[in-house]
Amino acid sequence: MLHITDITYRIGDRVLFDQATVAIPPGHKVGFVGRNGTGKSTLLKMILGELSPETGAVKVRPTAHIGHVGQEAPGGPQSLLETVMDSNKELSALSKEADTATDPNRIAEIHTRLADIGAHTAEARAASILAGLGFDSEAQARSCASYSGGWRMRVALACVLFNEPDLLLLDEPTNYLDLEGVIWLESFLKNYPYTVLIVSHDRDLLNKAVGHIVHLENGKLNSYKGGYDRFEELRREHMERQMALKSKQEAERRHIQAFVDRFKAKASKAKQAQSRVKLLEKMKPIASMVDAQTIAFNFPKPEPLSSPLIAMESVQVGYEVGNPVLKKLDLRIDMDDRIALLGANGNGKSTFAKLVASKLAPMEGKMRKPRTLKVGYFAQHQLDELREEHTPLDHMKKLMPDAIEAKVRARLGGFGFGVDKADRAVSSLSGGEKARLMFAIATFEQPQLLILDEPTNHLDVDSREALIHAINGFDGAVLLISHDRHLVEACVDRLWIVEKGDVKRFDGDLEDYKLHLLKERAGERAAKKGPKAADQKKAARQNAADIRLKLAPYRRASEKAEAKLEKLSNKKTDIDNKLANPALYEASEAKKLAQLTEQSRDLSSQIETAEEEWLEAESKYTEIQSEFT
C-alpha cells in the first residue's frame, strides 16, 4: 500500500529524514510516533504529495484513495448530516443525476452504481459516525455554521471516515474529541477494513486500535509489531542490545589500535599493522542509542489548607438567567482529592471547571471556600491568549515585576525554558512548548487546587509521562478533564460524571465507565433498528460472501507476493545483523565477510524485484476489487 524508500529531507540545516525506509502493507493499522518536531506531520505531507523528499521516494499504490482531515473545517448552512453525505462526491453527483436523468439506460446505470456503493445505507452510516463523534440526531440537523471550530473539526473527521479511503491518514485525531468520542473512534479503527496510518500520542488508542508502530527517531523509521506498550518493550530491548554491541566493538577497536600503535614501526610487523589499520577503517561505528532528555514539569509546593477547599450546596450555574447548565450540585473537594470529570463534550464539564475556578458565579445555592484558596487553571483555549510577539521571559516578568532577571529565568527553567527558548517569540514555539509556558503561568501562585482541562493535547508521549509524575507529586487537589485514559488512570482516584445537568460520583473505574457507555449505545441502536434490519443484514452478508469468492484468487496472488517480499526482507536483516558483528572483520574471517557482503547485495536486488511484483499483484487485486465497490 505504502512504500517509503531511502528518503532524505531537511529543513534548513536540520535533517528530519536520513535515508529513512519503511513499508506498510495493505490492511495494516499503524501508529506513527516520535517526539514533537521530529517530522511526523512532514511525512504525512509527503504521502499526500504536498512535499517531495530531497532523495528517495514515497510511493502509494496508484489506484489508492487517500483520506485525511484538512486544516479547513467545513462550514455553511448545510446540516451536519448533509455535509457528511455530500463529502462523498460520487454518491452526491449520482444522487443528483438520478433526479434529472431521462435516458432509461443511464437511469439503470446510475441505480446499479448507487446500489454498488451502498447508497441505501449511506445516510444511516453517516448518522452513526456523527453519533459516535458526539452528535445526537438533533445536533445532526443543525447547520455546520452554528458550531465552533473544534466541533466542526469533528465533522471534518466524520466526512473522512464516511468516505472509507483505502489509506486513512489521521494526525492527532483525538485532540478535538472527548473520552467518549475517543472510545468510539478506537472501536471504529479496530474494525476499519482498509489501511490506517495514525499520528497520535494517546497510548490507549495506540495499544488497542493499531497492530504496528512506526517510530521516527534520529531521521530513521523503525517498524515494530504490536501496540505502543509492546513497542516500548521491544525498543528498550533493542537499545540494550545495541549498547552492548557498541561496547563490544569499542573494546575490539581498542585492541586493534593497541596492536597498530605497538608494531607499526617494526619492519617485521608492518604488514600486519597495516592490515589492521584497514580493518579499523572498514569497521562501521555502531550508533549509540540514548533516550533524548524529557523535560520535567515542576509544580510549586502549595501552602496547606484545611478541607474542604470547595463545598457546594444546591448550586446552579450557567450563562443565561433562568437557563442553568448544571443544577442542584452538592459536592466537596478536599486538599488530597484527585478527581476526573467524565461526560460528553457539551454536557457542562468546562462550565463546572469555570465555577470551581470562580470564573463563573453560582446562580443559586451556596459555594464555600477558604479566603486564601488559590486555584490554578489550565485550559487549551488559553494558548490563544498568549502574546505571540512576546517571549516566555516577557510573560514571566509580568508575573514577577520586582524580581531580578536571574530569578525569573530560574522559574522558567523549571518548565524547560533555557536561554535558547526563554528569549524566543511565542509565535516560534511548538504547541508543546506553549503548553509548558501555560503550566508555568497557571501554577505561578502556588495553587492548592489545579484545574487541568485537556492538558495533553500538544504533548508527546514522554512529556505526558512527565506530566503524570508532576501531578502525582503535587501536594494539592487536582480536577482533571481529559480524553487521555492513561493520564486519568495514572493520576485520579475519583470519577465524577457530568450529564443531564448534574455532576455525580461514578462508582467504578474507567473500564467500568467504558462498559457503561457501550451498554447505553447498544440500547440506543436497538431502539432505532427497523423491522427489516435482520433481512438487510442477511442480504449484505450473502453479497459480501459472493464478492470474497470472486476476489479470492487475486488476493492470494497479492498475499503470496507479499510473503515472498517479507521472507527476503527477513533474510536480508539476518545477513545485516551478521555483518554488524565486529568479530567478522578479523583477517581470518575475510572469506566469510566477502560471502555475506555478496549475499547482502544479491538480496537487495531480489527485494527490489519482489517489491515490484508485490505492487503489480496488489494493483491488479485493487483493480478487480474496484469492480465490486
When Pro455 is tested against each of Leu467, Ile471, Asp484, Ile481 for side-chain contact (heavy atoms from CB on, under 4.5 Å), which residue passes?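 So the option named by the test is Leu467.
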
Tyr192 and Phe188 aromatic ring geometry - parallel, tilted or perpendicular at 30°/60° bounds: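 Rings of Phe188 and Tyr192: tilted, 30 to 60°.
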
I'd like to check [X] versus [Y] (side-chain heavy atoms, cut-off strictly below 4.5 Å). Are they in contact?
| X | Y | value |
| --- | --- | --- |
| Val461 | Asp202 | no |
| Asp229 | Arg203 | yes |
| Phe506 | Asp512 | yes |
| Leu487 | Arg464 | no |
| Ile451 | Lys354 | no |
| Val30 | Val210 | no |
| Pro362 | Glu313 | no |
| Lys208 | Arg485 | yes |

Donor-acceptor pair, [X] side chain versus [Y] backbone, under 3.5 Å?
| X | Y | value |
| --- | --- | --- |
| Lys40 | Gly34 | yes |
| Asp394 | Thr391 | yes |
| Gln448 | Pro304 | no |
| Ser314 | Gly365 | no |
| Glu180 | Gly343 | yes |
| Asp337 | Ala477 | no |

Can you check side chain to side chain contact (heavy atoms under 4.5 Å, CB included) on Leu197 and Leu44, steps first, answer last? CA-CA 9 Å; Leu197 180 61; Leu44 293 189; 3.9 Å; yes

Please give me the minimum heavy-atom distance between [X] and [Y], naming the atom from each residue.
| X | Y | result |
| --- | --- | --- |
| Met312 | Val356 | CE-CG2, 3.8 Å |
| Val317 | Ala361 | CG2-O, 4.0 Å |
| Pro302 | Gly476 | CG-N, 4.0 Å |
| Ala422 | Arg409 | CB-NH1, 3.8 Å |
| Gln446 | Pro300 | CG-CB, 3.7 Å |
| Glu186 | Lys514 | OE2-NZ, 3.1 Å |

Hey, could you give me the [atom1]/[atom2] distance between [X] and [Y], rounded to the nearest 0.5 Å?
| X | Y | atom1 | atom2 | answer |
| --- | --- | --- | --- | --- |
| Asn347 | Glu499 | CG | CD | 7.0 Å |
| His68 | Asp171 | NE2 | CG | 10.0 Å |
| Leu341 | Trp496 | CG | CH2 | 7.5 Å |
| Leu326 | Asp502 | CG | CG | 8.0 Å |
| Asp86 | Ser95 | CG | OG | 8.5 Å |
| Thr83 | Tyr147 | OG1 | OH | 10.5 Å |

Tell me, which pairs form a side-chain hydrogen bond (donor to acceptor under 3.5 Å, both in side chains) where one or both residues lie in residues 468-483, sequence neighbours left out?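 Every side-chain hydrogen bond (donor to acceptor under 3.5 Å, both in side chains) pair that includes a residue of residues 468-483, provided the two are not neighbours, is Thr174-His483, Lys301-Asp475, Glu454-His483.
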
Among Phe378, Phe415, Phe474, which one satisfies ring pair (Phe, Tyr, Trp, His ring centres under 6.0 Å) with Phe439?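 For Phe439, the ring pair (Phe, Tyr, Trp, His ring centres under 6.0 Å) test succeeds with only one of Phe378, Phe415, Phe474, which is Phe378.
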
Where do Arg436 and Leu429 land on the side chain to side chain contact (heavy atoms under 4.5 Å, CB included) test, with the steps shown first? CA-CA 10 Å; Arg436 287 207 311 273; Leu429 299 179; over 6 Å; no

Start with the C-alpha distance between Leu510 and Leu342, add both sets of side-chain angles, then the distance that settles side chain to side chain contact (heavy atoms under 4.5 Å, CB included), and finish with yes or no. CA-CA 10 Å; Leu510 274 184; Leu342 307 178; 4.1 Å; yes

Who passes salt bridge (charged side-chain N to carboxylate O under 4.0 Å, His left out) against Asp178, sequence neighbours left out?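 Partners of Asp178 under the salt bridge (charged side-chain N to carboxylate O under 4.0 Å, His left out) test: Arg154.
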
Could you go through Leu168 and Leu161, starting from their C-alpha distance and side-chain angles, then the distance that decides it, and tell me whether this counts as side chain to side chain contact (heavy atoms under 4.5 Å, CB included)? CA-CA 8 Å; Leu168 175 61; Leu161 300 181; 3.8 Å; yes

As a quick check of understanding, evaluate salt bridge (Lys or Arg N to Asp or Glu O under 4.0 Å) for Lys327 and Glu364, giving each step before the final call. CA-CA 9 Å; Lys327 299 175 286 187; Glu364 288 185 14; over 6 Å; no

